[in-house]
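What follows is a single structure, written as C-alpha cells, with notes after it.
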Amino acid sequence: MATIVSKENGNNQPCEFHQTNSLDKLFTDEVRSVKGPLNRHYFQCPECDLIFVSSDDMLTIEKERDRYRTHENDISDPGYVKFLHQAIDPALGYLDSGMKGLDFGSGPGPALSLLLERQGLHCQDYDPVFGPRLPEGTFDFIFSTEAFEHFHHPVKELELINDRLKPGGFLIIMTMWHSGTEKFLNWFYARDDTHVLFFSFRTFKYIAHRWNFEIVWNDGKRVVIFKKKSSDH
C-alpha cells in the first residue's frame, strides 16, 4: 500500500487508488508531498502518478455546491460550447446514432447532452451534487467532462461508471493533465478549491489496466477516450 507521512499534519494517507486494491499491498513506496497553491496539502503517488489533495483540505458538499454555482457553464456561451467540443469532436468517430449515452457529472444544468442531441446521439444526465439520480441500465458511451478532478472517491465513481458501461462501450474523460511537480505550485488548474485530483497519462494507463479498458485516443493534455474490453479479454 502506498502511504504518506505528511510533515505538516502528521497524518498517514494512502493514495485513493491503492488503499482499496489488495494487489497494491505489494507496493511500499511512500507517496511524496507536493508544493501547491491555496495552502492545501498535496501528495503524489509514485505508482500511478496521481496528485491528490489531503482529505483534511477538501470542501464539504455544501461548500462545493455553492462554489459550482459560480461556474459559468452556459450552453448559450459559444466559448463554453467550443470547450466541450474538445471532448465531443474526437468521440464522434467512435459513436453511432442510436447509441445510448450518459453524461456523468453533468453539473447544475444540461449542456453536453444537448450538444450530443444535435449530433443525433441520445444522452442522459447524472450529477452526484445537483441530480438527477443515476439512471438504471447500461450505456454505449459515457462522457465525464471536467468532473474527475472533483471526485473525492474516484474508485467508487469509476466502479459506478464501469457498472453502467457496456462491454465495447466508450468512456470519454476530459480533465486537464498535470505535467509533474515542478510547475504545480503556480498551475492555475490547482487554484480551484473544488479541484482535488490531478491526473497524468500514466494515471490513465493505470485506470485502463485496473478496469480492463483500452486507451483508443488521447490529445496528450486534456481528453482521453477508453474502450471497455469484452469480459473474455
Side-chain angles (χ1 to χ4, degrees), residues 2 15-18 31-32 34-37 42-53 71 73 77-96 101-107 111-112 115-116 119 121 123 140-151 154-155 157-158 161-162 165 168-192 194-229 233:
C15 169
E16 178 78 20
F17 283 130
H18 295 94
V31 174
R32 297 181 286 266
V34 175
K35 290 184 178 180
Y42 301 81
F43 307 103
Q44 183 182 31
C45 178
E47 316 301 343
C48 66
D49 205 33
L50 181 74
I51 295 179
F52 58 97
V53 172
H71 291 184
N73 298 339
D77 178 1
Y80 184 57
V81 170
K82 182 179 179 180
F83 177 74
L84 290 179
H85 269 279
Q86 293 178 86
I88 293 172
D89 290 348
L92 290 177
Y94 300 95
L95 308 180
D96 297 317
L102 177 69
D103 182 5
F104 193 100
S106 55
L112 184 135
L115 295 176
L116 290 174
Q119 302 292 332
L121 295 164
C123 183
D140 301 297
F141 64 87
I142 296 176
F143 277 83
S144 190
T145 59
E146 296 300 300
F148 265 61
E149 66 274 13
H150 299 286
F151 292 161
V155 172
E157 306 297 352
L158 274 160
I161 288 171
N162 191 43
L165 188 62
F170 296 95
L171 169 62
I172 303 96
I173 298 172
M174 183 166 75
T175 183
M176 184 166 279
W177 304 1
H178 76 74
S179 59
T181 59
E182 185 175 343
K183 299 179 181 180
F184 192 81
L185 177 62
N186 296 312
W187 189 30
F188 80 94
Y189 205 64
R191 292 184 177 276
D192 185 325
T194 66
H195 291 183
V196 297
L197 297 181
F198 307 94
F199 303 78
S200 70
F201 187 61
R202 187 150 66 93
T203 319
F204 288 122
K205 288 196 291 185
Y206 172 85
I207 289 172
H209 175 75
R210 180 166 174 180
W211 276 275
N212 201 31
F213 297 150
E214 175 190 0
I215 296 175
V216 296
W217 190 90
N218 76 90
D219 66 355
K221 57 183 179 180
R222 188 188 286 270
V223 180
V224 58
I225 301 176
F226 298 94
K227 182 177 182 180
K228 184 175 180 177
K229 298 178 182 179
H233 284 186

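Side chains included, hydrogens not; waters and symmetry mates left out as well; all remaining heavy atoms used.
Pairing each heavy atom of A190 with each of P37, the nearest pair is O-CG, 3.6 Å. Residue V31 comes nearest to P46 through the heavy atom pair CA-CD, 3.9 Å, listed as atom of the first residue, atom of the second, then distance. Of all the heavy atoms in V34 and F43, the pair that sits closest is CG2-C, 4.1 Å. Here the closest heavy-atom approach between residue C123 and residue D103 is recorded as SG-N, 3.4 Å. Here the shortest heavy-atom pairing between P90 and H85 reads CD-O, 3.9 Å. When all heavy atoms of A87 and T145 are compared, the closest pair comes out as CB-CG2, 3.9 Å.
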Begin from the C-alpha positions of I172 and W217 and carry the test side-chain contact (heavy atoms from CB on, under 4.5 Å) through to its verdict.
-> CA-CA 9 Å; I172 303 96; W217 190 90; over 6 Å; no

Can you check side-chain contact (heavy atoms from CB on, under 4.5 Å) on T181 and K35, steps first, answer last?
-> CA-CA 8 Å; T181 59; K35 290 184 178 180; over 6 Å; no

Could you go through the side-chain contact (heavy atoms from CB on, under 4.5 Å) check for R210 and F17 one step at a time?
-> CA-CA 10 Å; R210 180 166 174 180; F17 283 130; 4.1 Å; yes

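Between the CE atom in M176 and the CG atom in D192 there is a gap of 12.0 Å [rounded to 0.5 Å]. Atoms CG and CD, from L92 and Q119 in turn, are 5.0 Å apart once rounded to the nearest 0.5 Å. The structure places CZ of F199 at 13.5 Å from CZ of R222, a figure rounded to the nearest 0.5 Å. The line from CZ of F104 to CG of L158 is 8.0 Å long, rounded to the nearest 0.5 Å. Taking OG of S144 as the start and CE of M174 as the end, the distance is 9.5 Å to the nearest 0.5 Å. Summarising the geometry, atom CG belonging to L185 is positioned 11.5 Å from atom CD belonging to E182; distances are rounded to the nearest 0.5 Å.
Inter-residue side-chain proximity for L115 and F143 is flagged as unmet; no heavy-atom pair is nearer than 4.5 Å. When side chains are defined from C-beta on, L165 does not count as touching F226, because their heavy atoms never get closer than 4.5 Å. Taking 4.5 Å as the limit, every side-chain heavy atom of Y206 sits out of range of all side-chain heavy atoms of C45. Side-chain contact between F83 and D77 is absent, with no heavy-atom pair separated by less than 4.5 Å. Side-chain contact between D49 and Q44 is present, with heavy atoms from C-beta onward closer than 4.5 Å. For the pair W211 and I161, the minimum side-chain heavy-atom distance is 4.5 Å or more. Proximity of I225 to F141: side-chain heavy atoms (C-beta onward) are nowhere separated by under 4.5 Å. Taking 4.5 Å as the limit, every side-chain heavy atom of V196 sits out of range of all side-chain heavy atoms of F52.
No side-chain donor-acceptor contact under 3.5 Å links Y80 to the backbone of A111. Side-chain atoms of S200 never come within 3.5 Å of backbone atoms of H178 as a donor-acceptor pair (strictly under, hydrogens ignored). With K228 contributing its side chain and L171 its backbone, the two residues share no donor-acceptor pair below 3.5 Å.
Residue pairs meeting the salt bridge (charged side-chain N to carboxylate O under 4.0 Å, His left out) criterion with at least one partner in residues 80-96, sequence neighbours excluded, are absent.
The ring pair (Phe, Tyr, Trp, His ring centres under 6.0 Å) check on W187 picks up F184, Y189, F198, with sequence neighbours excluded.
In this pair, F204 and W177 present their aromatic rings tilted. The plane angle is within the 30 to 60° band. Note: H150 and H195 have perpendicular aromatic rings, judged against thresholds of 30 and 60 degrees for the angle between ring planes.
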